[in-house]
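The next block holds one structure in the form of structure tokens; read it before the comments.
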Protein chains: 2
Amino acid sequence: MSTKGQNESSPKRSLSYPAPVERLLTELTRLPGIGRRSAERLAFHVLRGDKQAAEKLAHAITDVKSAIGHCSICSNLTEHDPCPICESEKRDRSKILVVEQPRDLIAIEQTAMYQGLYHVLLGRISPLDGIGPEHITARDLLQRIDNPKRNAGGVPIQEVILGMNPTVEGDGTALYLTSQLESRNVRITRLARGLPSGWSMELASKAILADAIEGRQQVRE
Amino acid sequence: MSTKGQNESSPKRSLSYPAPVERLLTELTRLPGIGRRSAERLAFHVLRGDKQAAEKLAHAITDVKSAIGHCSICSNLTEHDPCPICESEKRDRSKILVVEQPRDLIAIEQTAMYQGLYHVLLGRISPLDGIGPEHITARDLLQRIDNPKRNAGGVPIQEVILGMNPTVEGDGTALYLTSQLESRNVRITRLARGLPSGWSMELASKAILADAIEGRQQVRE
């Protein structure tokens with residue numbers, strides 16, 4: 001089907017999408033995990049959809065930046081500073097559960113089993129990724145302990161519960177925080193590890209079983 | 001670590017993200033291939049990034065809807081109607097290469113081997129997905145052939161080149177278009193199939209080899 005092939009007459013060529021489409025593709029590929037192909041799929045979805053849907057998405061993006069910040073006490077995502085949890089007088093302000101991300105906090109809140117405050121690290125220490133203690137909110141945590149005025153309600157902290165993910169990086173972060181906390185007059189605990197409730201034993205990895213054995217609890221004397 | 005567990009005092013709980021974050025998650029999960037987890041990853045990226053980056057993304061989304069439409073002749077994506085290719089007097093307006101999507105058109109343009117016009121179906125017939133001829137721009141194509149005024153520059157069409165994907169749906173779509181075109185006074189051709197240039201033979205599937213054998217070309221008499 002090839003016609004001449006020589007390009008001397010140079011008919012108008014369309015080597016890329018129209019500029020607004022290319023601009024959207026550029027912005028979309030900046031997002032994590034979005035390559036050129038995914039960006040095209042998303043852009044075509046926006047192009048096919050109605051204008052209102054596109055505007056709702058665009059507004060949600062700009063709104064989230066203008067309306068959401070981090071709590072100046074615990075670093076959780078919040079519309080109002082301090083966040084509702086730090087504001088609440090019904091929470092036990094002498095306890096802090098330290099988590100990596102806001103989503104971990106939400107997962108724990110959903111259990112309704114914890115009444116204390118939180119501290120969101122907004123990451124974990126990961127030397128391989130160049131993420132050190134200075135890149136997470138570790139210093140803010142230490143300041144909440146050293147200076148009760150920095151904690152919600154000015155209440156002194158008695159217990160720090162380490163709730164990082166049970167991963168190499170989570171463990172490393174816990175180790176770092178423990179080293180920083182040891183010299184301070186607080187109780188340090190960590191969330192229990194063991195067999196995940198509802199699993200069958202055969203699904204458990206060696207590491208899970210090792211945790212389960214090491215952390216075994218006495219049922220009766 | 002569980003404190004009482006009874007919820008009688010009901011301390012302020014945070015069972016989901018702040019409202020603007022949830023709104024963004026809702027909009028993001030409407031996009032194809034984006035689940036709750038991916039949406040969180042994208043939303044946190046926006047939250048971490050600077051405000052300018054978020055605004056560029058939001059503007060790119062609204063701009064693409066207001067600035068981009070489909071060419072009234074060939075249905076390609078375009079900022080101006082008709083699109084630059086249909087507008088160009090240097091293209092051979094008697095030939096139409098029919099493709100499924102705008103990205104296929106761009107792929108062919110990048111070869112600089114084709115000087116005719118295009119017709120973008122914006123899909124392919126796929127009965128299993130409930131997509132019939134009425135859901136693609138097949139009727140527009142037939143009208144361009146039946147009424148030269150509907151084609152760029154009012155030029156009568158002499159050849160229709162079928163350039164659908166070499167898939168079951170692409171083949172089905174080609175079959176449908178062929179059945180519609182046969183009664184019309186146009187030459188019908190299709191893009192060649194065979195061994196993909198640069199591959200080694202052993203990577204070729206049975207279907208590729210079958211195409212290569214069936215479509216073999218004489219080298220010399």
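Proteins get letters first, then strands, A, B, ... in listed order; numbering begins at 1 in each. Since the structure is predicted, the reported quantities are computational estimates derived from the model, not experimental observations.
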Highest number of heavy-atom pairs under 4.5 Å with chain B among A:Val64, A:Asn76, A:Leu25 belongs to A:Val64

List in chain and number order the residues that pass side chain to side chain contact (heavy atoms under 4.5 Å, CB included) with A:Arg216, two or more places apart in sequence or in another chain; answer none if no residue qualifies. A:Ile213

Non-neighbouring partners of A:Arg93 that pass side-chain hydrogen bond (donor to acceptor under 3.5 Å, both in side chains), sequence neighbours left out: none

Is any residue of residues 119-137 of chain A within less than 4.5 Å of chain B by heavy atoms, and which ones? none

If you count heavy-atom pairs under 4.5 Å between each of A:Gly69, A:Ala107, A:Ser16, A:Ala67 and chain B, which one has the most? A:Ser16

Would you mind reporting whether B:Leu24 and A:Ile68 have side-chain heavy atoms less than 4.5 Å apart? no

A:Lys65 side chain to B:Gly49 main-chain N or O, any donor-acceptor pair under 3.5 Å? yes

Using a cut-off of under 4.5 Å on heavy-atom pairs, state which of B:Leu97, B:Thr78, B:Leu77 scores highest against chain A. B:Leu77

Contacts with chain B made by residues 26-48 of chain A (heavy-atom distance under 4.5 Å), listed by residue number: A:Glu27, A:Leu28, A:Arg30, A:Leu31, A:Pro32, A:Gly33, A:Ile34, A:Arg37, A:Glu40, A:Arg41, A:Leu42, A:Phe44, A:His45, A:Val46, A:Leu47, A:Arg48

Please identify, among B:Lys51, B:His70, B:Lys56, B:Arg23, the residue contributing the most non-hydrogen atom pairs under 4.5 Å to chain A. B:Lys56

Residue among B:Pro18, B:Ser88, B:Ala192 with most heavy-atom pairs under 4.5 Å to chain A: B:Pro18

More than 12 heavy atoms of other residues, nucleotides or ligands under 6.0 Å from CG of A:Asp50: is that the case? yes

Might you confirm whether atom CZ of A:Arg193 has over 12 heavy atoms from other residues, nucleotides or ligands at distances under 6.0 Å? yes

Region of A:Ser66 that comes under 4.5 Å of a non-hydrogen atom in chain B: both

Scanning both residues in full, the closest heavy-atom pair of A:Thr62 with B:Glu55 reads CG2-CG, 3.8 Å

For A:Arg139, is the CZ atom crowded, meaning more than 12 foreign heavy atoms sit under 6.0 Å from it? no

